[in-house]
> 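Let me begin by handing over the structure; questions about it come next.
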Amino acid sequence: MNTHNGGPGTEGEALTDLFSRTISYLRLSLTDRCNLRCMYCVTEEEKNGCLGKLAHDELLTYEELLRVVRVAVEMGISKLRLTGGEPLVRRDIMSFIRRLADIGPLDDIRITTNGVLLERFAAGLVEAGVTKVNISLDSLRRERFADITGVDCFDRVWRGIETALAAGFSPVKINMVVMRGINDDELEDFAGLSRRMPLQVRFIEFMPIGTSSRWNRDTYMATDEIMARIGRLGELVPLQRGRADGPARVYRLAGDSAGSLGFISPISHHFCDRCNRLRLTSEGMLRSCLLHDEETDLRSVLRSGCTDQDIRETLLTAIRNKPRGHQMEERLRERGGDCHGRMSRIGG
Ligand code: SAM
């Protein structure tokens, strides 16, 4: 169903914002809880042993999420990503995903996970209709992995990656957040993985997000430098952009390579002009830009006996508020500050 509400709306089949960007991709943070405590994600309270997590009734219920997705799909959303926190720690996740997959014509459901529970869930996810998985992996060294994530579970994650490949996920993408002085000495090892295994290994610029982020000018490394380093291993052959690549620029190392390399540059070559995303935080706030703290409260609407039209209008309001760009470089120059949202509740 198409809705016109002035300003942004649906044109033909497409949901467009004020800057003529088509909004087709909804990312759901299913929970702010996680079984890892990554150094760039964990808050000060969590570090001090106080959880600071949302209470169960603050999270959107599965019924609420399904309703929002159904309305969003009617409006033109065609791609969904489940993230968090760690989506696989939410109770009864599999039955939720099966119900999600029944929402026609939604045919593209993806998941971003730390991989800790993939060994158990990979086959079921594929069976339920999730075919694309992104797995976060910031080190290939067991001890360092434990330092970065706060948990000694590299072997489990690695088995999760192997299980995902065996289960038939295609593609399996590995996300490495590159942090100078923390893991940048592994760039070549990560790139080498793409020679040996059918993985898309993606190098993501470290973003200044979250109050406890370890981000600073020294830990940040821009894609140009990352590519120059990896380019020493061999020529980087650009691959034709596929619909599924999103903001990544995709290459493969010349010669025999089972996989590919992706470079994601939210800071140095931002992709705001073609951003097609809308996020729903774990407590039901619509966020139209990862790096802008403005949000639209959908949970209050959902819990006030709303109609589907009310949900539509709230989605349109969030889209109307989508900024032209995150302007992070200007903000950093002016204030040296970051964005204060928490990645776990927003969904990375
Ligand atoms: N638990 C899941 C996982 O680990 O993939 C999903 C949530 S996690 C917040 C999503 C992604 O955001 C991860 O790949 C993580 O590395 C990335 N991320 C978190 N903070 C980041 C930051 N400051 N800069 C860049 N990426 C970040």
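Positions are given from 1 along the sequence. Whatever order the structure lists them in is the order used to number ligands and atoms, beginning at 1.
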> Is the closest side-chain donor-acceptor distance between D224 and H269 under 3.5 Å?
yes

> Evaluate I204 for polar contact with ligand 1, using N/O atom pairs at a separation under 3.5 Å.
no

> Consider only side-chain N and O atoms of E86 and T113, and report whether a donor and an acceptor are under 3.5 Å apart.
yes

> Taking only non-hydrogen atoms of C38, do any sit less than 4.0 angstrom from ligand 1?
no

> Assess the side chains of T112 and T83: does a donor N or O sit below 3.5 Å from an acceptor N or O?
no

> If we set the cut-off at 4.0 Å for heavy atoms, which region of I135 has an atom near ligand 1: side chain, backbone, both, or neither?
neither

> I'd like to know if W215 contacts ligand 1, where contact means a heavy-atom distance under 4.0 Å to any ligand atom.
no

> Quick one: look at V177 and ligand 1, take heavy-atom pairs under 4.0 Å, and tell me if it's side chain, backbone, both or neither.
side chain

> Which bit of N114 gets closer than 4.0 Å to ligand 1, counting heavy atoms only: side chain, backbone, both or neither?
both

> Would you check the N or O atoms of C34, main chain and side chain alike, for any that come under 3.5 Å of an N or O of ligand 1?
no

> Is Y40 in polar range of ligand 1, meaning some N or O pair under 3.5 Å apart?
yes

> Got an N/O contact under 3.5 Å between D138 and ligand 1?
no

